[in-house]
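What follows is one structure encoded as structure tokens, with my remarks underneath.
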Amino acid sequence: MFILSIRSKRWNIAMQHIYFAEKLANTRKSMKLVCHTHSLVPSRKLVKREAVHIPLTNHECSMYTALSKNNRKLLRRAQEEPYQVFLYTEPSEENLRAFQQFYNDFAKRKKIEQITKSQMESIMLLNQKNALFLSEVRSICGQTLCYRLDIVHAQKAMSYYVATSDDLSLPAHLKRPLRYANRFLLWHNLMYLKQQGFVLYDMGELTDVETIRQFKLSFGGQVVNVYSGYIAQSKMSALLLGVQKWRK
């Protein structure tokens, strides 16, 4: 099976980035650093995490039944909102720049890491491989409420970045639509990907933040182990990798 990977530089080191590998991947010797994201191959060199995998081959009714009771209730309420959904299966650079700005505003409010220049370069490289799926939900008046950016490859998709609008900056009539926007867009995307023949959706890492963890678990699916991190393939890259870890 063809493995999704991109080549870039990290800390000025030639790096190969491999996404959700299902088997051991052949890496070029010229790549001094290999980064894995959500590999299914156990490795002591990588960090083991939990993620939720949602099978998209199940019948829609079965997928809906697998949702938590509260999730079904909130989705029914969301269906009453006059949302506008925009799907970008081949996002332009302009689309991705708009998303980056929206996400970084969100990250500032949440005090989390923003999309940096190097991370944006990786996003652009993935886009060159047609491995991105960008989606957006807007209010009836055209206000962007939520963005989701997924990595897609070989009939599988993985949640990459998610951002929502600022509740405090929205007028009163948009606060209710914002409350359901991310949930609505995710369910909409699951149904869309299913119709397109995708077989699996990776909800992303299960964090220790209880609200995020419960949100991901509320969509059903199976908790699986995934392995992520860096593997140094030279003494110099191992040294620099150690320095970067120490700085953190």
Shortest non-hydrogen contact from [X] to [Y]?
| X | Y | result |
| --- | --- | --- |
| Ala107 | Gln114 | CB-CG, 3.7 Å |
| Val52 | Gly220 | CG1-O, 3.3 Å |
| Glu136 | Thr144 | OE2-OG1, 2.6 Å |
| Gly142 | Gln84 | N-NE2, 3.7 Å |
| Tyr103 | Glu113 | CE2-O, 3.7 Å |
| Met203 | Leu186 | CE-CD2, 3.6 Å |

Inset, instruction - Salt-bridge test for Glu60 and Lys194: reply yes if a basic N is under 4.0 Å from a carboxylate O, no otherwise. - result: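 No salt bridge links Glu60 with Lys194.
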Legend entry - Salt bridge flag under 4.0 Å for residues Glu50 and Arg213: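 Between Arg213 and Glu50 there is a salt bridge, with a charged N closer than 4.0 Å to a carboxylate O.
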Inset, instruction - Go through Ile54 and Leu56 one step at a time and tell me if the side-chain contact (heavy atoms from CB on, under 4.5 Å) criterion holds. - result: CA-CA 6 Å; Ile54 298 177; Leu56 301 180; 4.3 Å; yes
When you measure from the side chain of [X] to the backbone of [Y], do you find a donor-acceptor pair of N or O atoms at a distance under 3.5 Å?
| X | Y | result |
| --- | --- | --- |
| Lys23 | Leu40 | no |
| Asn104 | Ile115 | yes |
| Lys175 | Asp167 | yes |
| Asn95 | Tyr88 | no |
| Ser39 | His36 | no |
| Asp150 | Val152 | no |
| Ser62 | Asn58 | no |

Quick check: do [X] and [Y] have side-chain heavy atoms less than 4.5 Å from each other?
| X | Y | value |
| --- | --- | --- |
| Tyr201 | Phe219 | no |
| Tyr64 | Trp187 | yes |
| Ile212 | Leu206 | no |
| Asn127 | Pro91 | yes |
| Gln16 | Ile18 | yes |
| Met191 | Met63 | yes |
| Arg183 | Leu185 | no |
| Leu134 | Phe86 | no |

Inset, instruction - Quickly, which of Cys146, Pro177, Ser165 forms a side-chain contact (heavy atoms from CB on, under 4.5 Å) with Val137? Name it, please. - result: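 Result: among Cys146, Pro177, Ser165, Cys146 is the only option passing the side-chain contact (heavy atoms from CB on, under 4.5 Å) with Val137.
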Is there a path of hydrophobic side-chain contacts, each under 4.5 Å between heavy atoms of I/L/V/M/F/W/Y residues, joining [Y] to [X]?
| X | Y | value |
| --- | --- | --- |
| Tyr147 | Phe215 | no |
| Leu200 | Leu149 | no |
| Leu74 | Leu178 | yes |
| Val162 | Leu75 | no |
| Val224 | Val47 | no |

Inset, instruction - Could you go through the side chain to side chain donor-acceptor pair (under 3.5 Å) check for Ser122 and Gln119 one step at a time? - result: CA-CA 5 Å; Ser122 295; Gln119 290 168 333; over 6 Å; no
Rounded to the nearest 0.5 Å, how far does [atom2] of [Y] lie from [atom1] of [X]?
| X | Y | atom1 | atom2 | result |
| --- | --- | --- | --- | --- |
| Met120 | Met124 | CE | CE | 3.5 Å |
| Asn189 | Leu87 | CG | CG | 6.0 Å |
| Arg49 | Thr207 | CZ | OG1 | 10.5 Å |
| Met158 | Tyr19 | CE | OH | 7.5 Å |
| Ile123 | Gln128 | CD1 | CD | 12.5 Å |
| Glu94 | Arg97 | CD | CZ | 11.5 Å |

Inset, instruction - Kindly determine whether Tyr83 and Tyr180 satisfy side-chain contact (heavy atoms from CB on, under 4.5 Å), including the steps that lead there. - result: CA-CA 10 Å; Tyr83 292 122; Tyr180 309 126; 3.4 Å; yes
Legend entry - Pair Asn182-Arg148, side-chain donor/acceptor within less than 3.5 Å: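 Note: Asn182 and Arg148 side chains meet the donor-acceptor criterion.
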Legend entry - Donor on one side chain, acceptor on other, Ser5 and His17, under 3.5 Å: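 Distance-only check fails for Ser5 and His17.
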Legend entry - Pairs satisfying ring pair (Phe, Tyr, Trp, His ring centres under 6.0 Å), at least one member in residues 118-143, at least two apart: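 The answer is Phe133-Tyr192.
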Legend entry - Flag if over 12 foreign heavy atoms under 6.0 Å of NZ, Lys48: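 12 or below, so no.
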Legend entry - Heavy-atom neighbours of Glu210 CD exceed 12 at 6.0 Å: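 Buried by this count: over 12 neighbours within 6.0 Å.
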Legend entry - Test side-chain contact (heavy atoms from CB on, under 4.5 Å) applied to Phe184 and Gln79, step by step: CA-CA 8 Å; Phe184 173 85; Gln79 296 292 341; 4.0 Å; yes
Legend entry - Pair Gln143-Leu174, side-chain contact (heavy atoms from CB on, under 4.5 Å): steps then yes or no: CA-CA 9 Å; Gln143 173 72 45; Leu174 290 182; 3.9 Å; yes
